[in-house]
Amino acid sequence: MSSLISSSSFTLPTSKTEHLSSLSQKHFIFNYSSSKKIRPRKIGFGVRCAAVGNGLFTQSTPEVRRVVPNRNQGLPSVKIVYVVLEAQYQSSLTTAVKTLNREGRYAAFEVVGYLVEELRDENTYKAFCDDLVDANIFIGSLIFVEELAQKVKVAVEKERDRLDAVLVFPSMPEVMRLNKLGSFSMSQLGQSKSPFFQLFKRKKQSAGFAESMLKLVRTLPKVLKYLPSDKAQDARLYILSLQFWLGGSPENLQNFVKMISGSYIPALKGMKIAYSDPVLFLDSGIWHPLAPCMYDDVKEYLNWYGTRKDANEKLKDPNSPVIGLILQRSHIVTGDDSHYVAVIMELEAKGAKVIPIFAGGLDFSGPTERYLVDPVTKKPFIHSAISLTGFALVGGPARQDHPRAIEALRKLDVPYIVALPLVFQTTEEWLISSLGLHPIQVALQVALPELDGGMEPIVFSGRDGRTGKSHALHKRVEQLCTRAIRWAELKRKSKEEKKVAITVFSFPPDKGNVGTAAYLNVFASIFSVVKDLQRDGYNVDGLPETSEALIEDIIHDKEAKFSSPNLNIAYKMNVREYQSLTPYASALEESWGKPPGNLNSDGEHLLVYGKQYGNVFIGVQPTFGYEGDPMRLLFSKSASPHHGFAAYYSFVEKIFKADAVLHFGTHGSLEFMPGKQVGMSDVCYPDSLIGNIPNIYYYAANNPSEATIAKRRSYANTISYLTPPAENAGLYKGLKQLSELISSYQSLKDSGRGPQIVNSIISTAKQCNLDKDVSLPEEGEELSSQQRDLVVGKVYSKIMEIESRLLPCGLHVIGEPPSAMEAVATLANIAALDRPEDGIISLPGILAETVGCNIEDVYRGNDNGILKDVELLRQITEASRGSISAFVDKTTNKRGQVVDVAGKLGSILGFGINEPWIQYLANTKFNRADRDKLRTLFEFLGECLKLVVADNELGSLKQALEGSYVEPGPGGDPIRNPKVLPTGKNIHALDPQAIPTEAAMQSAKVVVHRLLERQKADNGGQYPETVALVLWGTDNIKTYGESLGQVLWMIGVRPIADTFGRVNRVEPVSLEELGRPRIDVVVNCSGVFRDLFINQMNLLDRAVKMVAELDEPEDQNFVKKHALQQAEALGVSLREAATRVFSNASGSYSSNVNLAVENSSWNDEKQLQDMYLSRKSFAFDSDAPGVGMSEKRKVFELALSTAEATFQNLDSSEISLTDVSHYFDSDPTNLVQTLRKDGKKPSAYIADTTTANAQVRTLSETVRLDARTKLLNPKWYEGMIKSGYEGVREIEKRLTNTVGWSATSGQVDNWVYEEANTTFIQDEDMLKRLMDTNPNSFRKLVQTFLEANGRGYWETSEDNIEKLRQLYSEVEDKIEGIDR
């Protein structure tokens, strides 16, 4: 290893923002064995891209796995070529072949091995094909990556008939079919009769699947031995081969080579080469490097452990923690186990006992129960578990069975950590990569274990490029072991002595913002959590009596405090103490100068804000630090955390000595600090900051993507909380009046009063500014009765759209589930979707059928303003809500809480007579609705109701604090996927290779069709040549890849799934089938999408480049047309010019436009556009995926300059355009106008798939809809003000985000600001409530109004502006505490 380091040119990217330069400051050492210390070398500072050579992830070469014999002994030659997933077989096989060649008895053996990942490189693949031409034997194992499996298949198929033997061990079926051993073949694999295929097909495998397969492998050769036919003997030798291979030791592999050569190589057949039977190791058991043997009885192992002579004093202590380790048998039998030994030794040195178990198959659920749980008491022997395999607990890289894994882990009931050995990269490649782990490894070994509830993906071992052997990375092993012991301590410590640090966020930095979190009433929640901990026996001394008093304590005075400029200071840290507690402090100086700096500091000390109650500390996480600095916001990559930020975490870990930190709500900044995307090294800031503290993180259930970033980059156990119950927006003021006018029109339209009512409708609609959304005739214009119906229909459709929009009302409090009636709107929306996979038809669908209509036709008619359809849809909506209310009413008690849903449902469903929904519908026009379909639907809704009102948020937190296993569950939208409920689960995303699904592609096609039709209608019948759009992480998780599917369908390609349902390939759809030109795209991926779905970015980039190279006319393929023009303009190749998939630099997030807007720290729109361009112009290149994100600003600008439309998706009711700043942060509308040669503004569209009736609206229509349903809607703002201090901030945030849209798109109407001013400023009573509840946020609200006017987004009277200026100085004085 040491020679490898000293000889290789090990240059790193200089820029300190990559922070690898700080390697030198942090004494980075990874030594192979503790005896050979390696001194850190000076690192060269030539600026180099993070990948070298072929631009792929791995530069390792098969030549290190080639053994060439001395051919002058006149022996026949035998050539073996093998392809494997991991390199652990390399040293065993090399040793075996070298031994045979030294003996020189039978043949001269040549062997060469390829890691499957190396075959991505064209030159290596060609060498592989050339090697096969004169090979005798081909061996493949664990080939599960589809695109590479295809390459292996094509190459081996050409030579298969000529080869003497082809042996493929568990891999994808298409590779397994290549097997050939004499008359034994698997070419039938995939036809139902083949027994091997049955092994692949059984998705729902019984508990002992892997075990039974291993038994089969053991017993079959004995049975087959006595069958006379050649076929049986060949099958026997195949199974023996598998035994030899699974046995993996040099001795086994030597006999394997002898057996296959002697039996199948023509020149050796007469020699009768003798071979020994496989040396069989236990299939599963307990292994310890110092133990005399492997154990298959845990009691025997513990007896040996208790009598060890070499054990240190700590290990003899009966109270020392016990850690369970899960190992891969192949590493033990091949002798490639030094990384396992290092972990065991490190744990024991730290005073922890270990039980290291292994299994030979891919199913570890049986062995975990057998060896880690006491069979008598059913209690676990261990306090925490670490899997060192990197794979999912059941199924490894093939088919996973997560429910079975969860069942096994629930019995184990300890924190479950899945650490990572590097598989596809050498240590060096990982160190210099800004991405960190290889994307395929992220998909197989990070995303899949998360579905089991695995956490803390710490890379603990590397791979030597030369020998292929694993070696421990000692700094990482130390981090992993310390963290595992800290989690174990939670299981052992008493509640009275446990210390918990609750961390709240303040974003943007302003006192009115302390305790920000999406949808959460933070202080009320903290109060409820801490009260509960107190009841449970935790020491919470001096906790105030109410949540208001708690706010006062931390923020120093009632509700954000008049007359106190600062938060409560919990600790002052001097500079020397800070430097001694924070080993990486010097690395922060480049961005922030010497400590203490001017953030979170008084000039001499670093200040930690917060307050301690007994063993609970409630602290305020410092902010990023550069929010208010426009120059820093322009940096293309993010800077490091500041000294105050680092000091906060040093305080929590080393002075307060927290046993766990609880990050409260979505979301802080720790996990977004710079460093590798996944698989961090110890110079990545999130890793340094979190240190060794177990991290528990409350995260909104509807945000699985950012929760996943927190899991992977801050090692969090993320616990989901519910978003507030949704209600329908309802109607108010003029909109309500309109609705009344429409009802009277419907009853009187044929009388003489029809035209007169229509005139009132038109004038009221104009007063409500609906003329921007519906084209209205002049008042008094002569209209025929059909025209009148159409005008009324369109206005009616618009106000029904506003009325039925879902609003999250108020803010959620942890531990307070919604009441049943609050769940009605959510259930009505769950009921509005068809769920064909469960045989459920939507309620609107069933009701429409009753009156002889198809619900899709009703939706279309409603959208077109056909009066009878609008009215029918209203009746259907009303009947849906009514029947669901009647159903919920029957399952609740007088206090509005759900009681015994199961029992009540039983009695309701038991007797068809009294079903409450039937009783309700009996009095409507839908009284003949299909009872069976309704019953199926309501049974499902009953299950959903139970989940909505279940409450496990506090329970799960207490489990985590007690060192128990928190059950995993998906995050997402509960309406689309009720499995998200109940909350309180360890939230995870999905298998990133599983999207887009078939259903997502169907929805995507509908939206793309509507988008293109809408743009044609607005654009003189012309298709847009380019659409600029955004891909979000959370949206694609919730919709299983709908927006990803939209991009694929625009350019006219379809995804192709492999046998395991994973999407790694696309094929073009013919122009005939597409029926339109291929639309060019510019895809801006959020930083979170980039982290979670890098495989899909690869897929998209391959798809766009494939389309650019098709032989098609340019007027039918705009991708090709533009790529050719841009290739010429830039003087680059067509493939480079066809770069269309962009995001931030690795480890950076957002364009920072949102930070600039929130902090009013920008001068003009051009500055915002520069931020966007400098931060968002990093491209992913599928031709060099190992490079990660590289800056391609010129290509980005040219591609954007052809855009005729910009486009984003809204996919769930809780988050709309003005709820969060992400949407305008990614909006390039004004920027495109600046870049276009003709200066024309692109059309801007938003697809809304939040309801069953998907819509494509313009951006300005969506902003208006949002303003009407939220900011200006009494139901919404009164709900917010009821939540108190946090509610005022929510109102201010909506207004600030509206200004953001004005800044990036110019699509906000003047009346929106005017009405907001009337609502919040002109109304004296309202103004006083806001000012008293949260003066800091109120000041920001006033400032935002003034800013909107100053920047030219709002024209209003001088009186209004004068009043705002006066108010501003009043509230300033009040906050400063000057009473005039």
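Shown here for F128 and V83, the closest heavy-atom pair between the two residues is CE1-CG2, 3.5 Å. Here the closest heavy-atom approach between residue L412 and residue A385 is recorded as CD2-CB, 4.4 Å. Across every non-hydrogen atom of L142 and S171, the tightest pair is N-OG, 3.2 Å. When all heavy atoms are compared, the tightest approach of F138 to V152 is CZ-CG1, 3.9 Å. Considering every non-hydrogen atom in both V279 and N252, the closest pair reads N-OD1, 2.7 Å. Scanning all heavy atoms of the two residues, the minimum distance from D452 to A405 falls at OD1-CB, 3.4 Å.
A side-chain donor-acceptor contact under 3.5 Å links Q441 to the backbone of P421. Under the 3.5 Å distance criterion, the side-chain polar atoms of D234 are left unmatched by any main-chain donor or acceptor of G182. Using modelled atom types, no side-chain atom of Y238 and backbone atom of S185 make a donor-acceptor pair closer than 3.5 Å. Here the side chain of N255 pairs a donor or acceptor atom with the backbone of S276 at under 3.5 angstrom. When atom types are taken as modelled, the side chain of W430 and the backbone of G679 share a donor-acceptor pair closer than 3.5 angstrom. Without hydrogens or angle criteria, D336 side chain to S470 main chain gives a donor-acceptor distance under 3.5 Å. Side-chain atoms of T307 come within 3.5 Å of backbone atoms of W304 as a donor-acceptor pair (strictly under, hydrogens ignored). A distance-only check finds a donor-acceptor pair linking the side chain of R162 to the backbone of A135 [under 3.5 Å]. Proximity of a side-chain donor or acceptor of S365 to a complementary backbone N or O of V394 within less than 3.5 Å is not detected. Of the possible polar contacts, none joining the E174 side chain to the E146 backbone as a donor-acceptor pair under 3.5 Å is found.
Residues D1058 and F144 fail the side-chain proximity criterion, which asks for heavy atoms closer than 4.5 Å. Proximity of R66 to V68: side-chain heavy atoms (C-beta onward) are separated by under 4.5 Å at one or more points. Looking only at side-chain heavy atoms (C-beta outward), M345 and L290 come within less than 4.5 Å of each other. When side chains are defined from C-beta on, P380 does not count as touching L372, because their heavy atoms never get closer than 4.5 Å. Looking only at side-chain heavy atoms (C-beta outward), V298 and I357 stay at 4.5 Å or farther from each other. The closest side-chain heavy-atom distance from N1064 to Q150 is not below 4.5 Å. Between V257 and I137 the shortest side-chain heavy-atom distance does not fall below 4.5 Å. At least one side-chain heavy atom of M259 sits under 4.5 Å from a side-chain heavy atom of L237.
For the pair R120 and E147, the salt-bridge criterion is met [side-chain N within less than 4.0 Å of a carboxylate O]. No salt bridge links E157 with R160; every basic N to acidic carboxylate O contact stays at or beyond 4.0 Å. With respect to K79 and D131, a salt bridge is recorded, a charged nitrogen being found less than 4.0 Å from a carboxylate O. K411 has a carboxylate O that lies under 4.0 Å from a charged side-chain N of E369, or vice versa, which qualifies the two as a salt bridge.
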| task | Using the side chain to side chain contact (heavy atoms under 4.5 Å, CB included) rule, take F281 and I332 through it: C-alpha gap first, then chi angles, then the decisive distance, then the call. | result | CA-CA 10 Å; F281 297 95; I332 300 169; over 6 Å; no
| request: Could you give me the CA-CA distance, side-chain angles and deciding distance for E103 and K258, then say whether salt bridge (Lys or Arg N to Asp or Glu O under 4.0 Å) is met? | output: CA-CA 12 Å; E103 291 172 1; K258 281 188 195 173; 5.1 Å; no
| For L409 and T368, what are the C-alpha separation, side-chain angles and deciding distance, and is it a side chain to side chain contact (heavy atoms under 4.5 Å, CB included)? | CA-CA 8 Å; L409 289 165; T368 50; 5.7 Å; no
| request: Take H288 and E348 through the test side chain to side chain contact (heavy atoms under 4.5 Å, CB included) and record every step on the way to the result. | output: CA-CA 12 Å; H288 191 291; E348 293 189 339; 3.0 Å; yes
| query | Taking it one step at a time, do L93 and R65 satisfy side chain to side chain contact (heavy atoms under 4.5 Å, CB included)? | reply | CA-CA 9 Å; L93 203 47; R65 291 180 286 281; over 6 Å; no
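We find the CG-CG distance between L181 and L240 to be 10.5 Å, quoted to the nearest 0.5 Å. Distance check, rounded to the nearest 0.5 Å: OH of Y275 to OG of S263 gives 5.5 Å. With rounding to the nearest 0.5 angstrom, the CD1 atom of I139 is 8.0 Å from the CG atom of L253. To the nearest 0.5 Å, atoms CD1 (I265) and CD1 (I80) are separated by 7.5 Å. Between the OG atom of S384 and the CD1 atom of I417 there is a distance of 5.5 Å, given to the nearest 0.5 Å. To the nearest 0.5 Å, atoms OG1 (T334) and CZ (R329) are separated by 10.5 Å.
Open room surrounds CZ on R105; 12 or fewer heavy atoms of other groups in view lie less than 6.0 Å from it. Residue E159 qualifies as enclosed at atom CD: its count of foreign heavy atoms under 6.0 Å is above 12. Atom NZ of K272 sits in a sparse spot, with 12 or fewer heavy atoms from other residues, nucleotides or ligands closer than 6.0 Å.
Remark: aromatic rings of W245 and F169 are close, center separation under 6.0 Å.
Between I326 and the choices Y416, F358, Y371, the side-chain contact (heavy atoms from CB on, under 4.5 Å) rule is met once, by Y416.
Classification of the H339-H331 ring pair by plane angle, with boundaries at 30° and 60°, yields perpendicular. Below 30°, between 30° and 60°, or above 60°: for Y340 and F460 the angle between ring planes is below 30°, a parallel geometry.
Geometrically, K353 does not engage Y305 in a cation-pi contact defined by less than 6.0 Å to the ring centre and at most 45° from the axis.
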